[in-house]
> 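My structure is below; once you've seen it, I'll send some questions.
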Amino acid sequence: MSDLESLKAEIKKLSTKATQAKMDLHDLSEDLPANWTSILEVAQKAYDAFAVLERKRQELNNLERA
């Protein structure tokens with residue numbers, strides 16, 4: 001598997017993870033004020049997942065342009 005194909009596969013997995021984190025945050029928001037103490041933890045997980053996904057997408061973009 002080439003570096004490009006590997007990166008695309010990794011991005012697909014990261015996208016799934018980020019989507020799940022987004023849904024977890026959404027579900028938490030619908031249940032408020034219950035579990036309000038977990039807002040920071042759930043939001044941080046979503047933020048981190050999307051930050052990694054964005055870095056990998058930029059890496060892919062750079063590889064495709066090279």
Side-chain angles (χ1 to χ4, degrees):
M1 188 183 278
S2 73
D3 287 344
L4 194 58
E5 291 171 353
S6 293
L7 189 53
K8 285 181 180 181
E10 183 179 2
I11 287 171
K12 187 173 182 177
K13 289 178 186 177
L14 290 169
S15 181
T16 300
K17 184 177 178 181
T19 299
Q20 183 58 53
K22 175 183 76 169
M23 293 307 300
D24 292 344
L25 188 57
H26 177 266
D27 291 346
L28 175 64
S29 72
E30 287 187 337
D31 292 338
L32 289 174
N35 297 323
W36 70 269
T37 57
S38 62
I39 291 171
L40 292 177
E41 177 186 343
V42 175
Q44 187 66 57
K45 286 180 182 178
Y47 179 91
D48 293 344
F50 278 95
V52 171
L53 178 59
E54 182 62 27
R55 283 193 302 270
K56 290 297 180 176
R57 284 180 174 165
Q58 185 60 48
E59 188 178 325
L60 176 63
N61 191 22
N62 291 342
L63 276 175
E64 288 178 333
R65 282 196 249 156

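Just so it is clear, the values below take in all heavy atoms, side chains as well, and ignore hydrogens, waters and symmetry mates.
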> Atom CG of Asp27 and atom CG of Leu32: how far apart are they, to the nearest 0.5 Å?
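Here the rounded value is 11.0 Å.
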> Look only at the side chain of Ser15 and the backbone of Lys12, and say whether a donor-acceptor pair between them is shorter than 3.5 Å.
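Side chain of Ser15 to backbone of Lys12: no pair is present.
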> With sequence neighbours left out, write down each residue that passes side chain to side chain donor-acceptor pair (under 3.5 Å) with Lys17, or none if nothing qualifies.
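Checked Lys17 against side chain to side chain donor-acceptor pair (under 3.5 Å); zero matches.
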> To the nearest 0.5 Å, how far apart are OG in Ser6 and CD1 in Ile11?
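Separation between the atoms: 11.0 Å.
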> Just do the side-chain contact (heavy atoms from CB on, under 4.5 Å) check on Leu40 and Gln44 with the steps written out, would you?
CA-CA 6 Å; Leu40 292 177; Gln44 187 66 57; over 6 Å; no
> Enter the distance from Thr19:OG1 to Leu14:CG here, rounded to the nearest 0.5 Å.
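With rounding to 0.5 Å, OG1 (Thr19) is 10.5 Å from CG (Leu14).
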> Considering all heavy atoms of both residues, which atom of Leu4 and which atom of Glu64 are nearest to each other, and what is their separation?
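In this case the closest contact between Leu4 and Glu64 is CD1-CG, 3.8 Å.
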> Between Lys56 and Glu59, is there a side-chain N and carboxylate O pair less than 4.0 Å apart?
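Result for this pair is yes, salt bridge flagged.
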> What's the spacing between Arg55 CZ and Leu60 CG if we round to 0.5 Å?
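Between Arg55 CZ and Leu60 CG, I get 15.0 Å after rounding to 0.5 Å.
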> Could you give the distance from CZ (Arg65) to CG (Asn61), rounded to the nearest 0.5 Å?
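The distance works out to 4.0 Å.
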> For Lys22 and His26, run side-chain contact (heavy atoms from CB on, under 4.5 Å): C-alpha distance rounded to whole Å, both residues' side-chain angles, the deciding distance at 0.1 Å, then the answer.
CA-CA 6 Å; Lys22 175 183 76 169; His26 177 266; 5.6 Å; no
> Please report the shortest heavy-atom distance between Ala49 and Ala18, naming the atom on each side.
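Looking at all heavy atoms of both residues, the shortest contact is CB-CA, 3.8 Å.
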> Between Lys45 and Glu41, does any NZ, NE, NH1 or NH2 come within less than 4.0 Å of an OD or OE carboxylate oxygen?
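So Glu41 pairs with Lys45 through a salt bridge.
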> Under the side-chain contact (heavy atoms from CB on, under 4.5 Å) criterion, do Ile39 and Leu25 qualify, and how do the steps go?
CA-CA 8 Å; Ile39 291 171; Leu25 188 57; 5.5 Å; no
> Could you pull out the closest heavy-atom pair between Ser38 and Leu28, with the gap in Å?
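Scanning both residues completely, I find the closest heavy atoms to be OG-CD1, 3.6 Å.
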> Tell me the closest heavy-atom pair linking Leu7 and Leu63, and the distance in Å.
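Closest heavy-atom pair between Leu7 and Leu63: CD2-CD1, 3.6 Å.
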